[in-house]
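Structure, as structure tokens:
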Amino acid sequence: MQGLNPQQQAAVRHIDTPLLVLAGAGSGKTRVIVEKIVHLIESKGTPARGIWAVTFTNKAAREMAERIGQRLPAERRRGLNISTFHTLGLNLIRREIRTLGLRPGFTVLDAEDSLNLIKSLLQQNESAAGMIEPKEAQWQISQWKNDLLTPSQAMQTSADEVEAACASLYDDYARQLTACNALDFDDLIKRPVELLRDDAEARERWQNRVRYLLVDEYQDTNASQYELVRLLVGKLGRLTAVGDDHQSIYAWRGARPENLSHLARDFPNLTTVKLEQNYRSVNTVLTAANQLIANDPTTQPKTLWSAVGPGEAHRVLVCDTAEDEAERIATDILHRHFKDDSPYRNFAILFRGNHQARLIEQQLRKLSIPYILTGGQSFFERAEVKDAMAYLRLMANPSDDAALLRIINTPRRGIGPTTLERLGQIARERHVHLAAAARSVTAAQRLDSRVHHQLTQFLDWLDATRSRMDEQPAAEAMRGLLEEVDYFGYLREQENSAKAAERRWTNLQDWLEWTERIAVDNDSGESLSLTELVQKMSLLGILEQKTRDQDDNAVRLLTLHAAKGLEFPHVYLSGMEEDLLPHQDCQEDDRLAEERRLCFVGITRAQRSLTFTLTRRRRRYGQWRDVRPSRFLEEVEADLLRWEGIGVQKSEEENRATAAEAMSAIRAMLGKS
DNA sequence: GATGACATTCCCTTA
DNA sequence: GAATGTCATC
């Protein structure tokens with residue numbers, strides 16, 4: 001309890017009835033959750049296994065577990081449940097696998113797999129084809145699932161024929177998932193909710209297990225996640241929800257910030273605690289943030305204050321082009337790194353869209369500034385890694401269609417689109433998975449005999465390899481498998497340079513090493529079954545794992561969304577332009593308000609200094625366009641902003657001068673050491 | 001069934 | 001101006 005302010009203490013001590021903590025940016029909310037868990041275990045004697053803490057990202061979960069590790073010895077925290085919503089759902093599904101009608105070894109499809117499945121279904125479904133974009137269908141189906149609607153309910157509520165066609169596609173999609181013994185990400189929440197809602201015994205089982213539930217970033221929960229919370233908590237309502245409506249930035253993917261206010265409706269005995277003291281930022285940062293967010297008509301007023309210090313006015317760098325912007329940010333960081341002796345990890349560059357990162361990366365590399373890029377194409381999304389994953393998934397689940405489709409002709413085996421289309425037809429007619437369809441008599445009749453032979457041989461080889469999987473560790477077996485299919489040969493054939501092939505092969509070696517490492521249970525230290533391993537992999541981002549090992553004294557590049565929850569001494573908010581922030585597709589009221597909150601999140605990441613940057617003209621779809629400064633800059637009092645670079649045409653020369661100065665500082669330092 | 005030239009879309013954010 | 005999709009040709 002030491003070092004907590006009175007509001008934080010109240011939030012920690014309050015345990016028997018539901019509690020909502022409205023925690024402003026930087027007000028120490030993670031600290032409150034951590035201390036509360038410690039309090040529950042140490043002072044209240046709650047068994048660790050009865051405490052469940054839920055976050056939105058793996059990273060946040062890991063960080064929380066780490067901080068609790070610093071406060072409690074291992075034997076006192078054993079059995080504690082800290083995970084994302086999706087991992088919690090997955091664990092529940094695994095324990096209730098029979099009740100849910102799934103077979104062991106079920107697959108969790110990622111977004112790409114699910115999109116591919118939708119594409120192929122769309123080609124078959126005549127009423128839907130041509131009317132719907134695959135991406136739109138995927139988005140709509142996800143929305144329905146997040147709202148807990150079944151295909152038939154979606155059909156009933158659909159407003160026009162396009163939506164009706166989409167609902168029928170949803171029905172196909174759901175059936176196909178069942179046939180493949182597969183789930184998508186949304187199912188990881190939806191299925192547990194349906195189970196707990198309809199099965200009183202299962203509900204009781206889980207309510208007894210979950211003695212105390214803590215939920216972070218509550219404003220980001222969607223309808224189905226809220227339902228899961230309600231079902232797990234039950235009537236006792238031993239719940240702590242922590243959130244901030246000002247940081248609600250995920251409404252576009254189904255989050256319901258109003259879930260914060262619904263808590264009072266659903267739990268009449270709810271207590272609310274507000275945390276407004278900020279421990280992160282200097283006052284100029286908070287003043288700018290407060291002024292900006294005061295324009296948000298959709299959220300409750302809340303004013304942040306801090307005792308950190310006064311702070312300086314924020315710079316606004318007006319640059320000529322995006323290249324110029326990147327160069328100025330990079331030279332500015334280099335300059336301050338040497339002038340103030342400030343390590344690179346103190347700097348973060350934030351942007352709205354991932355595409356903005358490319359130019360900034362180039363400039364940082366030019367000046368040899370180390371950086372870590374979060375988001376963008378992750379290691380896990382690389383084709384070769386996904387191929388290897390698909391092989392591994394097929395080892396665990398022979399009916400995984402998405403995985404089979406991915407590698408059936410990779411490397412080339414002469415099994416092309418026509419064959420797969422016919423096979424798909426058979427599979428759909430009988431509601432079986434593809435491998436089963438290929439084994440059927442119908443397949444033997446309808447397919448070209450040479451191709452059919454090729455196909456069954458490949459399936460036989462898969463089965464034989466699968467039966468050998470138990471004999472050795474997964475990573476070892478996969479190494480052998482990749483050699484047997486001559487994957488390296490395939491890479492050399494695909495890539496035009498030997499170097500590129502080598503690089504992708506190295507990625508696979510990294511993946512094998514990673515597989516080896518995570519094939520062990522975190523708590524017990526026992527090695528995981530193949531099924532468990534595959535499921536763990538589909539939920540973990542390898543990127544985070546990798547960057548943690550590396551030297552992390554580097555400038556951070558992140559999107560505004562990815563920056564939530566983090567803090568940095570020096571923050572650069574790039575692309576402060578109309579149509580970029582706010583984004584061009586977000587002009588209507590509620591979406592504009594969300595853009596403003598996104599900007600608020602960006603500003604409140606800064607501890608000591610904040611620099612906005614924008615350009616005069618920017619290339620878009622290959623066309624040059626004039627740029628107007630973001631309206632959000634106007635919502636901040638003029639006194640707080642110090643504009644630089646207006647009317648200065650020689651900005652390039654200026655930058656060269658700054659860069660030259662910084663470089664000479666480097667040389668001086670190298671000379672000394 | 002594979003391959004390469006042309007056309008079209010996309011530039012938001014994600015568990 | 002990348003990246004994916006479509007179509008014609010071998």
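Chain letters run A, B, ... following the sequence lines, proteins first, then strands; residues in each count from 1.
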### Task
Using a 4.5 Å cut-off on heavy atoms from C-beta on, say whether the side chain of A:Gln247 contacts that of A:Lys564.
yes
### Task
Among the candidates B:dA15, B:dC11, B:dT13, find the nucleotide nearest to the side-chain atoms of A:Thr559.
B:dT13
### Task
Please answer whether the main-chain N or O of A:Leu292 pairs with a side-chain N or O of A:Asn295 as donor and acceptor at a distance below 3.5 Å.
yes
#### Entry: Chi angles and distances behind the salt bridge (Lys or Arg N to Asp or Glu O under 4.0 Å) call for A:Glu63, A:Lys59
CA-CA 6 Å; A:Glu63 198 179 294; A:Lys59 204 171 76 192; over 6 Å; no
### Message
What's the gap between B:dT13 and C:dT4 when it is taken at their P atoms, as a whole Å value?
### Response
15 Å
### Task
Remember a base hit wins even if backbone is also touched, and classify A:Asp184 as base, sugar-phosphate or nothing at under 4.0 Å, heavy atoms.
nothing
### Query
If you check every side-chain atom of A:Val451, which of B:dT13, B:dG1, B:dT3 has the closest atom?
B:dG1
#### Entry: N or O in side chain of A:Lys119 less than 4.0 angstrom from C:dG5 OP1/OP2
yes
### Query
From the list B:dT14, B:dA15, B:dC11, which nucleotide is the closest neighbour of the side chain of A:His355?
B:dC11
### Message
Let's see if you can work this out: which of B:dA15, B:dC11, B:dT14 has an atom nearest to the side-chain heavy atoms of A:Asn354?
### Response
B:dT14
### Query
Are A:Tyr250 and B:dT14 stacked, counting the six-membered base ring, centres under 5.5 Å, planes under 30°?
no
### B:dT13 OP1/OP2 closer than 4.0 Å to side-chain N/O of A:Arg253
no
### Query
Distance check: side-chain N/O of A:Asn146 vs OP1/OP2 of B:dA15, anything under 4.0 Å?
no
### Task
Side chain of A:Lys135 only, please: which of B:dT14, B:dA2, B:dC11 is the nearest?
B:dC11
#### Entry: Six-ring centre of A:Phe458, A:Arg413 cation under 6.0 angstrom, axis tolerance 45°
yes
### Query
So what does A:Arg591 hit on the nucleic acid, given a heavy-atom distance under 4.0 Å: a base, only sugar-phosphate, or nothing?
base
